[in-house]
Structures are given as C-alpha cells and as structure tokens.
Number of protein chains: 2
Amino acid sequence: MIRGTDGKRRSVTIHDVAREAGVSRGTVSRVLNGGHYVSPAAQAAVNAAIRKTGYVVNRHARSLITGKSDSVAFLLTEPQERFFEDPNFNVLLRACTQALAAQDIPLLLMIAGTEAERRRNLRYIEGGHVDGVLLVSSHSGDPVVSELDAAGVPVVACGKPLGQRAQVSYVAADDREGARAMVRYLHDSGRRRIATVTGPADTPGGVERLAGYRDVLAECGLPVDESLIVPGDYSRASGEAAAELLLERAPDMDAVFVASDLMAQGVLDTLSRGGRRVPEDVAVGGFDDSPAALSTRPGLTTVRQPWDRISTEMVRMLLARIAGEEPSAVILPTELVRRGSA
Amino acid sequence: MIRGTDGKRRSVTIHDVAREAGVSRGTVSRVLNGGHYVSPAAQAAVNAAIRKTGYVVNRHARSLITGKSDSVAFLLTEPQERFFEDPNFNVLLRACTQALAAQDIPLLLMIAGTEAERRRNLRYIEGGHVDGVLLVSSHSGDPVVSELDAAGVPVVACGKPLGQRAQVSYVAADDREGARAMVRYLHDSGRRRIATVTGPADTPGGVERLAGYRDVLAECGLPVDESLIVPGDYSRASGEAAAELLLERAPDMDAVFVASDLMAQGVLDTLSRGGRRVPEDVAVGGFDDSPAALSTRPGLTTVRQPWDRISTEMVRMLLARIAGEEPSAVILPTELVRRGSA
DNA sequence: CTGAAAGCGCTTACAG
DNA sequence: CTGAAAGCGCTTACAG
C-alpha cells in the first residue's frame with residue numbers, strides 16, 4: 001500500500017517502482033519477467049525499488065495481456081460421496097496443492113458431482129480461467145475428459161482414463177504389477193484358495209488388479225475358480241457384502257486379495273464376525289496403503305500407491321503440457337507393505 | 001472462440017457482442033452487471049447476442065477494474081497431518097466448495113503447514129488475489145488471524161479463534177451444550193463414574209467440551225474426580241493412550257465422554273483389548289459424528305456437528321463481510337446421535 | 001540495453 | 001436510457 005497525492009491508500013504499481021528506480025515501466029517489467037535484456041545496474045535498481053516499495057505484481061493485469069491465468073484446477077468428477085470418503089483423496093489433494101504452491105500456482109478446487117456442477121465448472125475452465133486441469137475421474141467414458149480435450153485445455157488425469165478416444169496425459173500406479181506382487185506373496189506364504197474382491201469393472205483399478213490376480217494364478221498353475229471372484233465398488237460396505245458372499249460360496253478359502261483398503265476393512269469386519277481368525281484362517285491383502293490400513297486389527301498388509309510421486313508427477317506433467325509438450329503417460333511402481341493381516 | 005479478420009482464433013469479447021447486438025460496449029457491460037439503466041429492447045438484443053456468440057466475460061479484465069477477484073481462499077493452518085486425517089475436514093471442504101460454486105465463486109485451496117508456506121500464502125492473499133478467506137485454524141494465537149485482519153482481508157473462521165485481539169467473524173457448533181447433552185445422556189442412563197478424554201487446551205473444542213462435562217457433573221451433584229479427566233490431541237492414537245491411562249487409574253469407570261470421534265475410535269480399541277464390553281461395562285460417547293462414527297463396532301453414540309450448516313453459514317458470512325458488513329459470530333446447535341456404544 | 005507507445009478486455013463516471 | 005472516452009496495471013513489439 002502507498003498513499004496517493006490525494007492521501008488515499010492505493011496499491012503500489014509498476015509505475016511506482018519505475019519512478020523509485022529511475023527507469024521506465026518497460027524495464028521494470030523486464031526484470032519481473034526474467035531479467036533478459038536488462039543491464040545489471042538497472043536490474044539492481046529495480047530490485048531495490050521493489051523491496052523498498054513492497055511491490056507485488058497484479059496478476060489480473062498480467063493475465064489480461066498474457067492470456068494465462070497462472071492457476072490450475074483440481075477437478076473431481078467422481079460421484080463425490082464415495083471419493084470424499086476415501087482417505088487417498090486427501091493425500092492426493094494435499095500433495096498436489098503443495099507441489100503447485102512450490103511454483104506459486106494456486107489450485108482451484110472444483111467438484112462436479114451433479115450435471116449442473118459439471119456444466120458450471122466446464123464453462124469456467126473453458127472460459128480460460130485456469131491454464132490446465134488435474135483431473136480425478138475414474139469412471140469409464142467420462143464426458144468431461146473429451147470436452148476438456150476438445151476445448152484444448154491441458155489435462156493430466158490421475159489414473160488411466162478408460163474408454164477415451166482423446167489422447168490424454170495421465171499418471172498411474174502400476175496396478176497390475178502391484179496386484180501380482182500381492183497375490184504372489186499370498187501364494188508364497190502357502191495359501192492355495194485365494195479369493196479376490198475387485199473394484200468396479202469400469203475403473204482401471206477394477207480391471208488391472210483383477211488381471212494381476214489372474215496372471216499369478218496362471219503362473220502358479222492354480223485353477224481360476226470364478227466363484228472366488230467377487231466384485232465390489234471400493235466402499236467399505238461392499239467389502240463386507242463381498243466377504244459374506246465368499247464365506248458362503250467358499251468356506252474353505254484361505255486368503256483374499258482385496259482391491260482397496262477400504263473394502264479390506266469391510267472384509268476384515270465380516271471375517272471376524274464370521275469367526276475367522278486373520279491371518280491364521282484367512283490371510284487378507286489390501287491395496288492403497290491408505291490411512292485405513294493402519295487402523296485395522298491386525299494391521300493390513302497392502303500394496304502402497306506412491307501418492308507423493310503421483311502428485312508430483314501430475315503437477316510436473318501438467319506444467320509441461322501447459323508449456324506445449326505433447327501428452328504422455330507415467331506408470332509408477334508400487335510397493336508391498338507387510339503388516340499383520342497376511 | 002471466433003475467427004478474427006486474419007483468420008486466427010481469438011475469444012469473443014464484449015466488443016463482438018456489442019457489434020452483434022448493435023449497441024455500444026458500455027451497454028453490454030451494463031446488462032452484464034445487473035441490467036440497470038438499460039432499455040428492455042437493448043437488454044434483449046444483448047442477451048441474444050451473448051447467446052449467439054457464446055460470450056463469457058474475461059474475469060481478469062473485470063478484476064483489473066473492480067479491484068475484486070471474485071474468488072475466495074480456503075486456508076488451512078492446522079498442522080496438516082492431523083487435520084487431513086480428520087474426516088470432518090473433507091465434509092467442511094466439500095460443503096464450502098459447493099456453497100461457493102453456487103455463487104460462481106471459485107475456491108482456492110491453500111495449506112500453510114510450514115512457515116514458508118504461511119508466508120507465501122499470506123503474500124498471495126494480501127496481494128489482493130482473493131476477496132476473502134475461509135480460515136481453518138484451531139490453535140490458539142495463530143498469527144495468521146491477526147495478520148489477515150491487519151491487512152484488511154475479510155475472514156471467517158471455522159470455530160472460535162482463541163487468543164485473538166482481532167475481532168474476527170466465526171461460526172462454530174455449540175460445543176459446550178453438545179457436551180452437556182452427551183454427559184447428561186450418560187448420566188440419565190445410569191452411569192456414575194463418567195470419565196472424559198479432552199481435546200487440546202488451546203482449541204475451543206478442548207476447552208468448551210470439558211466445560212460442558214463439568215457443568216453436568218455439578219448439575220447432577222456428582223463429584224469431579226480429576227483423575228477421570230485425561231487430555232488428548234484429537235488423534236486416534238491419543239485416544240488409545242488416554243483409555244489405557246483411565247483403565248489403570250479408574251478401573252471402575254462406567255462411561256467415557258470423548259471429545260472427538262477419532263479419539264473415541266482409539267478408546268474403543270483399547271477398551272476391547274482390555275476386555276471391557278461396550279456399552280455393557282463402559283459406555284462411550286464421541287463428538288463430531290464423523291464418518292468414523294459409523295465404522296466402529298458397536299456404532300458410536302456421538303454429538304453431531306452440523307457441518308452443512310457450518311459451511312453454508314461460513315460462506316454466507318464471508319460474502320457479507322466482503323460486501324462490507326461488520327464481523328459477527330454464529331453458534332449452531334448440535335444433535336445427539338444414538339448408536340450402540342452408549 | 002532502454003524508453004515510448006499500443007493494447008489486453010473490461011467498467012464507469014460523464015455528458016447528453 | 002445510451003455512447004464515447006478514460007483508465008485499471010501490466011507486457012511486448014518497435015525503434016533507437
């Protein structure tokens with residue numbers, strides 16, 4: 001803030017800095033934008049003036065010229081109830097916010113749970129108010145993906161967008177290999193009747209983790225018993241229901257690979273109510289390594305998704321896309337985390 | 001988008017709309033801003049032109065003039081790990097995002113976990129890049145509150161900011177009365193050795209819920225046994241530790257009022273490991289009615305915080321503050337939710 | 001390397 | 001009620 005000739009408060013502009021430094025506004029702008037074609041002397045004078053006046057750039061004025069907003073949207077199109085319940089969401093959101101903040105780029109949080117919200121957010125984004133979007137949408141054929149792509153808005157998705165013609169950047173954990181590692185581990189510890197609770201078939205996690213399960217059974221020469229495969233929807237409740245079904249269909253199962261920690265929690269509950277000891281009678285393996293995995297009794301053996309790296313990569317890729325790079329995909333390795341349940 | 005005379009894509013501006021409607025840009029701007037002093041005919045022509053051209057206002061240009069950004073920050077200064085772990089956070093964040101979205105105001109998510117992050121966010125906010133801030137900061141004497149206030153930035157806090165000279169707007173649940181209702185309920189169901197696990201003494205929930213506990217004991221003529229009062233920090237782990245201490249100090253306790261659901265989860269775990277049946281041997285009451293309350297066995301009897309209303313009120317008050325209204329406080333009633341644990 | 005000038009897309013007194 | 005004009009705070013060719 002500064003006092004104008006009329007004594008009123010107004011914020012300090014590039015003009016004030018220029019006067020203070022004894023240079024033109026153009027020169028101030030040049031040092032602000034990287035200092036190219038500026039003499040060291042002018043550079044120093046301007047920097048001193050900036051410090052003295054407490055100048056901070058007016059981003060609106062800048063954006064008006066450059067056509068860029070220097071902000072990014074984090075768009076959630078998932079049926080929100082479920083995903084907001086998921087502890088992974090927090091980890092992702094926080095890490096993205098911080099990775100962006102490190103570059104001084106604010107994150108606009110947008111939720112497109114209803115059709116009306118979807119329209120509004122799309123209008124805002126396509127209005128050019130953000131430079132790109134970090135997209136969290138796991139269901140197949142989400143129209144948001146193609147709309148954004150058609151509008152020419154840089155997008156990086158979390159997880160591979162299924163059923164899309166558009167070529168969109170994404171970063172994902174290696175679901176299939178993660179699932180393999182877990183099932184292999186169950187097999188190696190002597191389990192032979194290994195069941196699985198899958199995620200929805202229209203999500204990458206639903207498809208890939210099941211594929212990994214099948215891979216290992218084949219590898220090990222174990223027959224694939226379809227009655228041992230039960231679908232879930234990633235919710236805890238669906239884990240309970242799935243476990244009940246399994247207990248009924250295959251009372252002799254000795255292990256379950258569950259495609260998410262939240263569902264694994266449900267499985268654990270049902271198993272314990274059914275009088276099965278974990279891991280003695282039935283070993284349980286989860287997926288995610290979410291905070292939930294620490295709160296079960298026994299602790300959940302699971303597959304860690306590298307959320308920190310996922311977030312960092314998403315941000316890096318989005319910035320690259322905004323800078324003009326072509327779309328690309330990054331697959332990150334997972335890690336088996338052993339606790340008490342298997 | 002539109003094609004310029006040179007055939008290049010450029011976005012449609014107020015100028016295009018004016019030409020299409022056969023009026024001046026000033027008139028277009030007037031209908032955009034409420035339609036005052038505009039004839040019905042001009043109004044209609046402009047609206048038609050807007051629809052035809054697909055015009056959407058350039059907010060940067062607008063902000064440059066008005067000095068307002070039409071956006072709001074959601075600032076989290078809590079030591080982040082803990083609060084991001086709290087399911088209440090999600091409920092609050094989602095509801096605020098949606099209440100704001102309904103007014104077409106984007107929410108910028110900011111996390112000030114470290115000193116560096118705090119500075120950066122403050123600089124951004126004080127640079128006038130947001131019109132106001134929704135503040136989530138529960139520890140006493142948070143410097144962010146006074147800095148924001150000193151900079152003249154409208155603020156509405158979630159929960160009463162403790163240890164502040166600044167007069168800041170806030171909305172909070174009626175912690176004290178909520179605690180009273182719970183302890184009264186425990187007493188009414190015949191419990192006489194009622195312990196409590198409190199929140200940190202520098203948070204409103206830590207102070208008020210304990211006060212409510214004391215109120216009821218006094219009301220009922222029960223002696224206050226200080227050894228029955230154990231402090232926690234809202235985390236699940238602290239609930240476990242507190243319960244261990246209580247089991248040791250007061251093996252005859254028959255109820256515990258726990259100041260958060262997360263801690264209550266920990267208490268439940270410890271109790272069950274200690275061989276106590278809930279609610280038969282010990283009744284357990286929580287606070288929050290967070291998603292965690294549904295996932296315990298038995299379900300947690302707790303005090304519901306009206307997060308929807310809290311969020312709605314926060315947004316409403318912030319908008320009022322931005323519009324020039326004086327600070328104010330809103331206290332919202334809580335509700336006792338009975339489940340299996342008490 | 002540097003200054004003068006145009007212009008980004010809008011809003012808002014001002015004069016009619 | 002309406003148009004012409006000034007101006008918000010910047011960036012960026014352009015000419016030197």
Side-chain angles (χ1 to χ4, degrees), chain A residues 1-2 4-6 8-47 49-50 53-71 127-129 131, chain B residues 1-2 4-6 8-47 49-50 53-71 127-129 131:
Chain A
M1 288 294 181
I2 206 174
T5 47
D6 54 354
K8 279 208 309 189
R9 283 156 60 109
R10 41 171 270 265
S11 56
V12 3
T13 74
I14 207 175
H15 193 100
D16 303 308
V17 175
R19 188 153 26 79
E20 179 70 34
V23 300
S24 74
R25 289 179 289 158
T27 298
V28 174
S29 180
R30 275 175 218 115
V31 345
L32 250 28
N33 291 286
H36 304 304
Y37 303 103
V38 182
S39 66
Q43 179 101 263
V46 168
N47 281 135
I50 287 175
T53 56
Y55 170 78
V56 353
V57 63
N58 180 323
R59 294 192 183 215
H60 298 307
R62 173 181 287 173
S63 293
L64 185 53
I65 302 273
T66 63
K68 307 194 34 164
S69 72
D70 289 321
S71 67
H129 299 305
D131 296 335
Chain B
M1 289 293 181
I2 206 174
T5 47
D6 53 354
K8 279 209 307 191
R9 282 157 60 111
R10 42 171 270 266
S11 55
V12 3
T13 73
I14 207 176
H15 193 102
D16 302 308
V17 176
R19 189 153 26 78
E20 178 71 34
V23 300
S24 74
R25 290 179 289 159
T27 297
V28 174
S29 179
R30 275 174 220 114
V31 345
L32 249 29
N33 292 285
H36 302 304
Y37 302 101
V38 183
S39 66
Q43 180 100 264
V46 169
N47 281 135
I50 287 176
T53 56
Y55 171 77
V56 353
V57 63
N58 179 323
R59 295 192 182 215
H60 298 306
R62 174 181 284 173
S63 292
L64 185 53
I65 302 274
T66 62
K68 306 194 36 163
S69 71
D70 290 321
S71 68
H129 299 305
D131 295 336

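Naming convention: chains lettered A, B, ... in sequence-line order (proteins, then strands); numbering from 1 in each chain.
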**Student:** OP1 or OP2 of D:dA4 versus the side-chain N and O atoms of B:S24: is any pair under 4.0 Å?
**Tutor:** no
**Student:** Specify the separation, in whole Å, of atom CZ of B:R59 and atom C1' of D:dG9.
**Tutor:** 20 Å
**Student:** OP1 or OP2 of C:dC10 sitting under 4.0 Å from any side-chain N/O of B:Y55?
**Tutor:** yes
**Student:** Write down the distance between NZ (B:K68) and C1' (C:dT11), rounded to a whole number of angstrom.
**Tutor:** 14 Å
**Student:** CG of A:D16 versus C1' of D:dG9: gap in Å, rounded?
**Tutor:** 11 Å
**Student:** Any side-chain N or O of A:N33 below 4.0 angstrom from OP1/OP2 of D:dT11?
**Tutor:** yes
**Student:** Send over the distance from A:I50 CD1 to D:dC10 P, rounded to a whole Å.
**Tutor:** 10 Å
**Student:** I need the CG-P distance between A:L64 and C:dC10, as an integer number of Å.
**Tutor:** 9 Å
**Student:** In whole angstrom, give the distance that lies between atom CG of B:L32 and atom C1' of D:dT2.
**Tutor:** 16 Å
**Student:** Between the protein and nucleotides 13-16 of chain D, are there any N/O to N/O pairs under 3.5 Å, and if so, what are the atom names and distances?
**Tutor:**
from: D:dA13; atom 1: N6; to: A:R30; atom 2: NH2; distance (Å): 3.2

**Student:** Please tell me if B:S39 has a side-chain N or O lying less than 4.0 Å from either OP1 or OP2 of D:dT2.
**Tutor:** yes
**Student:** Which of the following nucleotides, C:dC8, D:dC10, C:dC1, is nearest to the side chain of A:I14?
**Tutor:** D:dC10
**Student:** Who are the side chain to side chain donor-acceptor pair (under 3.5 Å) partners of B:S71, not counting sequence neighbours?
**Tutor:** B:S69
**Student:** Taking the minimum atom-to-atom distance to the side chain of A:T27, which one of C:dC1, C:dG9, C:dG3 wins?
**Tutor:** C:dG3
**Student:** Of the options C:dC10, D:dT12, D:dC10, whose atoms approach the side-chain atoms of B:R62 most closely?
**Tutor:** C:dC10
**Student:** Can you tell me the distance, in whole Å, between the CZ atom of A:R19 and the C1' atom of D:dG9?
**Tutor:** 14 Å
**Student:** D:dC10 and D:dC14: how far apart are their P atoms, nearest whole angstrom?
**Tutor:** 24 Å
**Student:** Of all the nucleotides listed (D:dG9, C:dC10, D:dT2), which has the minimum atom distance to the side chain of B:V57?
**Tutor:** C:dC10
**Student:** In terms of side-chain heavy atoms of A:T66, which of D:dT2, D:dT11, C:dT11 is nearest?
**Tutor:** D:dT11
**Student:** Starting from the 5' end of DNA chain D, give me the residue, B:A41 or B:I65, whose nearest nucleotide shows up first.
**Tutor:** B:A41
**Student:** Parallel, tilted or perpendicular, judged at 30° and 60°: which one describes the rings of B:H60 and A:H60?
**Tutor:** tilted
**Student:** Treating a pair as Watson-Crick (purine N1 to pyrimidine N3 plus N6-O4 or O6-N4) or G-U wobble (N1-O2 and O6-N3) with both distances under 3.5 Å, list the stems of 3 or more consecutive pairs that involve DNA chain D.
**Tutor:** C:1-3 with D:14-16, C:5-12 with D:5-12, C:14-16 with D:1-3
**Student:** D:dC8 P sits how many Å from A:N58 CG, rounded?
**Tutor:** 12 Å
**Student:** I want to check one thing: is the phosphate of D:dT11, taken as OP1 and OP2, less than 4.0 Å away from some side-chain N or O of A:S29?
**Tutor:** yes
**Student:** Counting side-chain heavy atoms from CB outward, which of C:dT12, C:dC1, C:dC10 is closest to B:R25?
**Tutor:** C:dC10
**Student:** Is there a side-chain contact between A:N47 and A:V31, using heavy atoms and a 4.5 Å cut-off?
**Tutor:** yes
